[in-house]
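These notes are about the structure you will find just below.
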Amino acid sequence: MSNPAASPNDNPARGKTTVVTAGATLVVLAVISMCLGGLGSRWGWWYFTTGFAILKWAAYAAIAAALLTVLAALFVRGAHKGRSLAIAALAVIVALGIVSVPWNMLRSARALPPIHDITTDTNNPPAFVVLHDRRPGALNPVEYGGPEVAAKQHAGYPDIVPAVLPGVSPAQALARAVAVAKQLGWSVVAVDTAAGRMESSDRTRWFGFTDDQVVRVTPAPNGSRVDIRSLSRVGGSDVGTNARRIRAFLTALRNASAPAGGS
């Protein structure tokens, strides 16, 4: 039996609000897909290029879902109008946030040098010894790229320079470098006190890219000089990751106190 009190527009209105809800749900699924795009690469579910593809398609899906939500909300009538518009506005905000992630990555990749090997000494970069043959899955060689890479680094990252620690002996400087590396969450692989060298690895938080570092400590007038090199295992461009890592290390190193026991 039909309900005589029901409005003839109830079913169309209910259908439009259902579309609004479905569109918002798709936006939420796009957020989940984007998160999994990077985490799946980190967890070994797929290769990082697949993760990048997931980011791209999640952004496309979010835009389409947000547009669908807005269009459906505009045609809703009656008591559900305000709620539908609020959901649509939220869907647009979330979708814009999703799109901003790959867009910012692409913008950074275009603005920064397309290199993945950064060092404070481009003339004589610190060399990997222990990690030379212990970089599973690495596509990028440990050999430095030479003047071409150096020129790109100087143009893009002119602030990447050695740290000079006045009044700090090489042994103290190396101990301080090891402590700072551990503080930053790096995995210290080897420490050679005689050679003044530390080698370590670090993973990016989202995609889990593994980059390798080598720190070299040499005597300097009235102190020590610390050079560092950070090299990505895969990828043509690190989108500034290695430079940011080196900056963080050098800042912490200059601000740190020498660990007890250094001589």
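All values below were derived from every heavy atom in this structure, side-chain atoms included, with hydrogens, water molecules and symmetry-related copies excluded. None of these values were measured; they are calculated from a predicted model.
Taken to the nearest 0.5 Å, the CG atom of Leu231 stands 10.0 Å off from the CG atom of Leu131. Interatomic distance, CD1 of Ile118 versus OH of Tyr157, reported as 5.5 Å (0.5 Å rounding). Note: Ile54 CD1 to Lys56 NZ = 11.5 Å, rounded to the nearest 0.5 Å. Taking OG from Ser237 and CE from Met105, the interatomic distance works out to 10.0 Å, rounded to the nearest 0.5 Å.
Counted by atom type alone, Asn242 and Ser232 present one or more donor-acceptor pairs between their side chains at under 3.5 Å.
Note: the hydrophobic cluster containing Leu184 also contains Leu165 (ILVMFWY, side chain heavy atoms under 4.5 Å, direct or indirect links). With hydrophobic clusters built from ILVMFWY side chains whose heavy atoms lie under 4.5 angstrom apart, Phe128 does not share a cluster with Val215. The hydrophobic clustering, which links ILVMFWY residues whose side-chain heavy atoms are closer than 4.5 Å, places Val189 and Val180 apart. Residues Val28 and Val94 share a single hydrophobic cluster, defined by chaining ILVMFWY side chains whose heavy atoms lie under 4.5 Å apart. In this structure, Leu112 is not a member of the same hydrophobic cluster as Phe52, with clusters built from ILVMFWY side-chain heavy atoms closer than 4.5 Å.
Here the closest non-hydrogen pair linking Asp227 and Pro126 is CB-CG, 4.0 Å. The two residues Ala243 and Ile160 come nearest to each other via the heavy atoms O-CD1, 4.0 Å. Smallest separation of non-hydrogen atoms from Ala163 and Leu253: CB-CD2, 4.1 Å. When all heavy atoms of Ala95 and Val27 are compared, the pair lying nearest together is N-CG1, 4.2 Å. Taking all atoms of both residues into account, the shortest heavy-atom contact from Ala190 to Val130 is CB-CG2, 3.6 Å. The heavy-atom pair separating Val191 from Met198 by the smallest distance is CG2-CG, 4.1 Å.
The side-chain heavy atoms of Val226 and Arg176, taken from C-beta on, include no pair separated by under 4.5 Å. Two residues are said to be in side-chain contact when any heavy atoms from C-beta on lie closer than 4.5 Å; Leu26 and Leu29 meet this criterion. For the pair Asp212 and Glu199, the minimum side-chain heavy-atom distance is 4.5 Å or more. You'll find the side chain of Thr122 reaches within 4.5 Å of the side chain of Tyr144, heavy atoms only. In this structure the side chain of Ser201 reaches within 4.5 angstrom of the side chain of Arg233, judged on heavy atoms.
In terms of modelled atom types and a separation under 3.5 Å, the side chain of Arg197 and the main chain of Asp192 share no donor-acceptor contact. Listed for the Ser230 side chain is no donor-acceptor partner under 3.5 Å among the backbone atoms of Gln213. A donor-acceptor pair is defined here as one N or O able to donate and one able to accept, closer than 3.5 Å; such a pair exists between the side chain of Thr119 and the backbone of Ile228.
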Test side chain to side chain contact (heavy atoms under 4.5 Å, CB included) on Thr241 and Phe207; report intermediate values, then the result. CA-CA 12 Å; Thr241 298; Phe207 272 76; over 6 Å; no
Could you tabulate the donor-acceptor pairs under 3.5 Å formed by side-chain atoms of residues 57-74, not counting sequence neighbours?
residue	atom	partner	partner atom	Å
Thr69	OG1	Ala24	N	3.3
Thr69	OG1	Ala65	O	2.8

Atom pairs and distances, side-chain donor-acceptor, residues 34-49, under 3.5 Å, sequence neighbours left out:
residue	atom	partner	partner atom	Å
Arg42	NH1	Thr204	O	2.4
Arg42	NH1	Arg205	O	3.1
Trp46	NE1	Gly37	O	3.1

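Every pair tested for ring pair (Phe, Tyr, Trp, His ring centres under 6.0 Å) that includes a residue from residues 93-122 fails, sequence neighbours excluded, so the list is empty.
Qualifying salt bridge (charged side-chain N to carboxylate O under 4.0 Å, His left out) partners for Asp121, counting only residues two or more places apart in sequence or in other chains: Arg216, Arg225. Remark: Arg245 pairs with Asp202, Asp211 by the salt bridge (charged side-chain N to carboxylate O under 4.0 Å, His left out) rule, at least two apart or across chains. Scanning for salt bridge (charged side-chain N to carboxylate O under 4.0 Å, His left out) contacts around Lys152 gives Glu148, with sequence neighbours left out.
Crowding of Asn222 atom CG: a count of heavy atoms from other residues, nucleotides or ligands under 6.0 Å not exceeding 12.
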